[in-house]
Structures are given as structure tokens and as C-alpha cells.
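Below you'll find the structure, written out as C-alpha cells, and then a few comments.
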Amino acid sequence: MNANPLPGVPLVESPFFEELLATADLPAETQRIARDLHRDGFAVFDFPEPDFTNLAGQIIDQLGPSMAIDAFRAGSANGLRLQDAWQQCAAVRSLAANKAVKALLGDLYGRPAFPFQTLNFPFGSQQHAHTDSVHFSAMPERFMCGVWVALEDIHPDAGPLIYYPGSHRLPIYVNEHIGHCAATAPSRANQADFAPLWRALIHTHRLEQVEFTPRRGQALIWAANLLHGGSDHRDRNRTRWSQVTHYFFEDCAYYTPLESDPAFGRIFFRNVTDIATGQPVPNRYLGHDVPADYIEATKRPPAATLPEDFDAQLYLLANPDVAAAGVDAGEHYLVHGSRENRPLRPG
């Protein structure tokens with residue numbers, strides 16, 4: 001094949017995958033990962049970081065004291081995670097910005113990759129099966145992936161990651177497909193609205209659940225549309241320290257389908273930062289910057305009132321840049337936070 005007829009589709013998602021791979025001149029291990037990712041929607045590999053053991057220990061030692069580990073073990077807390085700890089922990093940033101991983105993803109997807117979000121977990125998430133495509137998407141679509149890496153050996157009773165091989169090949173379903181208009185009911189935009197669909201897809205297509213119980217330093221790449229989640233954390237005395245890094249790819253527009261209804265003129269464009277450089281990444285479409293006035297016009301209107309459960313202190317904890325600016329939490333939410341889909345509380 002002399003030229004790629006679909007440059008707007010990732011290599012590993014392309015219907016011309018085998019022909020393109022044959023001419024890509026990639027190392028044997030990269031080809032193995034590419035084939036696994038193309039076939040199953042995920043691929044397992046050893047994280048290419050010589051200092052991994054030391055960095056993993058630093059992450060656990062630095063983040064552990066700030067998390068409600070005792071409360072989780074007592075059964076009074078669930079879903080512990082720390083988002084974007086790369087801003088405070090150099091070891092988290094180092095894993096997220098690993099040059100070899102970025103180069104690997106660039107080969108797999110056909111354009112340069114950059115990390116834009118991290119999540120750190122001391123225990124299993126116990127999340128129901130979901131796809132990241134409703135949260136993180138790009139134009140062209142599917143130019144997003146996640147890399148999950150075990151910071152310690154993972155026991156089967158510690159809530160291992162689960163996934164459904166082949167589910168990434170399903171269509172990407174958004175608000176219009178489930179009959180939900182976020183533009184007219186923004187307070188209802190929630191992943192839970194998609195849960196019945198995901199359960200039905202698993203049942204109808206007889207998708208088989210697989211658990212990932214890796215040793216420390218093993219990692220998993222998953223495609224944007226792969227159904228995945230967390231199994232029950234049966235032994236709360238066992239930790240399951242792990243890090244997820246989400247990656248976008250260059251020359252795309254980045255947005256959140258969960259908060260978007262293009263037919264209503266609402267597109268939740270993301271303001272993304274390249275973790276490796278600390279610099280913002282522009283929303284681009286076919287080599288052109290998306291006009292700033294268009295991005296502004298497609299935001300949803302400011303909130304008229306504060307949510308009933310709004311807590312100024314929690315809002316500032318969840319949005320440290322707002323706290324650092326010294327502005328009033330409620331005023332910021334009404335004018336900016338509601339339009340930017342800012343979290344109301346940490347985690």
C-alpha cells in the first residue's frame with residue numbers, strides 16, 4: 001500500500017491494519033503489541049523504565065498518607081483515587097511522560113502521543129464496565145488511549161482491572177444514541193446514563209470478562225472504546241497500587257462527548273496540558289487551530305444558581321488553580337466552573 005487511505009484513523013484501529021503494519025518497519029515487539037491491540041483492544045507489555053521500582057515506591061510513599069486508606073479498609077470509603085497527582089509528585093509525572101511509552105504509542109497510532117491526565121489508585125476502583133470514549137474523545141475519533149501500570153504485584157482478591165476483549169470494535173455511542181440531551185439537562189450528564197447500554201452490549205455480544213493480575217511493572221494499553229472496569233475488592237487489607245495515564249495524540253480536537261450535543265451547538269472542548277512539557281496543547285482540526293471564538297460559542301451557558309450540594313472548600317480542593325488565584329469559589333463556579341465542567345469535590 002503506497003499511501004494510507006485513512007490517515008484520520010489510528011493504525012491499530014484501521015481496516016487496512018495488516019497492509020499498513022507490513023510497511024511500517026517496526027520492531028518485532030512493537031508489531032506484537034500492535035497486533036494484540038488491534039485484535040483485542042488491549043496489549044500487555046513491560047513498562048520500559050529502568051528505575052521503575054524506585055519510582056513506584058516514591059509514588060506509594062508520597063501519595064499514601066493523603067488517601068483514606070484506613071477508611072477503605074474499615075468499609076466506610078470506596079473508589080479512592082487521586083487525579084492529576086503529576087502536579088505534585090515528580091515520580092507520577094516521570095512515569096506519565098516516559099519517552100519510550102510515548103514513542104511506542106506514536107508508532108501504534110500513527111501520530112505523536114502526549115500524556116494529559118493521571119489517576120493513581122491505592123485499591124481497586126470497583127467501577128462497572130465502561131468505555132473512556134464518553135469522557136475523552138478526539139476529532140478524528142479514537143485518537144485516545146489509556147496505559148495502566150501496576151505499582152506492586154496485584155493479587156486476585158485486590159480488585160483487579162477487568163476488560164472485555166474485542167469490545168473496542170463496537171461503535172462509539174454518545175448522548176444522541178441513548179436519547180439524552182446534555183444541552184437541555186446539563187446536571188444529568190453522567191456515566192451512569194450509559195450503564196444499561198454497556199450491560200446490554202456485554203450480554204448481547206456475549207463478551208467475556210478477563211481479569212488482569214500483573215506483577216509490578218507490567219502495563220496494559222487499552223483502546224479508547226474498550227469496555228473495562230474494576231472487579232470487587234474482596235480483601236481490603238490488600239492494596240492495589242496502580243497508575244493510569246491517559247494519552248491524546250497531536251493534531252486533533254479534544255472534547256467530552258458526555259457533555260456535548262453538536263446539534264444544539266454544544267461541544268465541550270477540553271483545555272488539555274501536555275504533562276511532559278507542562279504546556280497547553282491547542283485543539284486542531286486537519287492541521288488548523290479550532291477558532292477560539294467557536295470554542296467559546298459552543299460552551300454551555302453559565303449556571304444561574306449554585307448546586308444544592310456546593311461546598312466552597314471542597315470546590316477549591318478539587319480545583320487548586322482556582323484556590324491559587326484567590327477568587328471566590330461560588331463566583332468562579334457560576335461564571336466559569338459550570339461551563340468548564342469543573343469537579344465540585346476531589347476525586
Side-chain angles (χ1 to χ4, degrees), residues 27 29-30 32-33 36-37 42-73 79-108 112-125 145-161 163 211-222 228 230 233 235-248 273-279 320 346-347:
E29 175 64 359
T30 302
R32 191 275 302 172
I33 293 172
D36 288 353
L37 193 55
F42 68 90
V44 179
F45 69 108
D46 291 330
F47 200 90
E49 171 53 63
D51 198 29
F52 186 87
T53 299
N54 179 45
L55 292 174
Q58 290 181 38
I59 292 171
I60 293 170
D61 290 344
Q62 184 172 340
L63 302 186
S66 66
M67 309 191 81
I69 289 176
D70 289 341
F72 180 89
R73 285 176 169 155
L80 298 188
R81 68 177 188 176
L82 189 58
Q83 181 173 322
D84 290 329
W86 66 270
Q87 297 173 337
Q88 66 192 68
C89 179
V92 170
R93 180 180 178 276
S94 183
L95 291 186
N98 182 278
K99 291 182 179 179
V101 172
K102 291 199 302 172
L104 171 63
L105 297 178
D107 288 338
L108 297 174
F114 65 91
F116 71 92
Q117 186 190 80
T118 60
L119 297 170
N120 286 90
F121 299 86
F123 298 102
S125 69
C145 70
V147 174
W148 187 102
V149 62
L151 302 182
E152 62 180 339
D153 295 344
I154 306 302
H155 190 275
D157 290 340
L161 184 71
Y163 45 85
E211 286 191 352
F212 186 43
T213 53
R215 55 175 169 75
R216 181 176 59 191
Q218 279 192 306
L220 183 89
I221 304 172
W222 72 74
H228 65 283
H233 202 114
D235 183 353
R236 295 199 172 212
N237 288 316
R238 295 183 180 274
T239 56
R240 195 215 69 174
W241 278 100
S242 58
Q243 177 166 318
V244 173
T245 304
H246 290 115
Y247 296 82
F248 274 135
T273 296
D274 182 345
I275 292 173
T277 66
Q279 299 299 311

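Keep in mind it's a predicted model, so treat the numbers as computed, not measured.
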Worksheet item: Among L151, T245, I275, which residue meets the side chain to side chain contact (heavy atoms under 4.5 Å, CB included) test with L95?
Response: L151
Discussion item. Please tell me whether R32 and T30 have a donor and an acceptor in their side chains that are separated by less than 3.5 angstrom.
Written reply: no
Item to complete: Say whether Q279 and D274, considering side chains only, have a donor N or O and an acceptor N or O under 3.5 Å apart.
Response: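 Note: Q279 and D274 side chains miss the donor-acceptor criterion.
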Side chains of [X] and [Y]: closer than 4.5 Å at any heavy-atom pair?
X: C145; Y: L105; value: yes
X: K102; Y: Y247; value: yes
X: I33; Y: L104; value: yes
X: V44; Y: D36; value: no
X: F121; Y: R240; value: yes
X: S242; Y: N120; value: no
X: V92; Y: Q243; value: yes
X: L161; Y: T213; value: no

Please answer whether the main-chain N or O of [Y] pairs with a side-chain N or O of [X] as donor and acceptor at a distance below 3.5 Å.
X: R93; Y: Q87; value: no
X: H246; Y: F248; value: no
X: E152; Y: W241; value: yes
X: R216; Y: A150; value: no

Worksheet item: Does NZ or CZ of R236 come closer than 6.0 Å to the centre of the six-membered ring of F123, within 45° of the ring's axis?
Response: no
Worksheet item: What do the steps show when you test V147 against L220 for side chain to side chain contact (heavy atoms under 4.5 Å, CB included), and what is the final call?
Response: CA-CA 6 Å; V147 174; L220 183 89; over 6 Å; no
Worksheet entry | Qualifying residue, where the test is ring pair (Phe, Tyr, Trp, His ring centres under 6.0 Å) with F42 and the options are F212, W222, Y163 | Y163
Let me check something: any side-chain donor-acceptor pairs from residues 51-65 under 3.5 Å, sequence neighbours excluded? List them with distances.
{"residue": "D51", "atom": "OD2", "partner": "N54", "partner atom": "ND2", "Å": "3.1"}
{"residue": "Q62", "atom": "NE2", "partner": "Q88", "partner atom": "O", "Å": "2.8"}

Discussion item. Does anything in residues 83-103 form a ring pair (Phe, Tyr, Trp, His ring centres under 6.0 Å)? List the pairs, not counting sequence neighbours.
Written reply: none
Item to complete: Enter the distance from L80:CG to T239:OG1 here, rounded to the nearest 0.5 Å.
Response: 11.5 Å
Response to the item:
The side chain to side chain donor-acceptor pair (under 3.5 Å) partners of D153 (sequence neighbours excluded) come to none
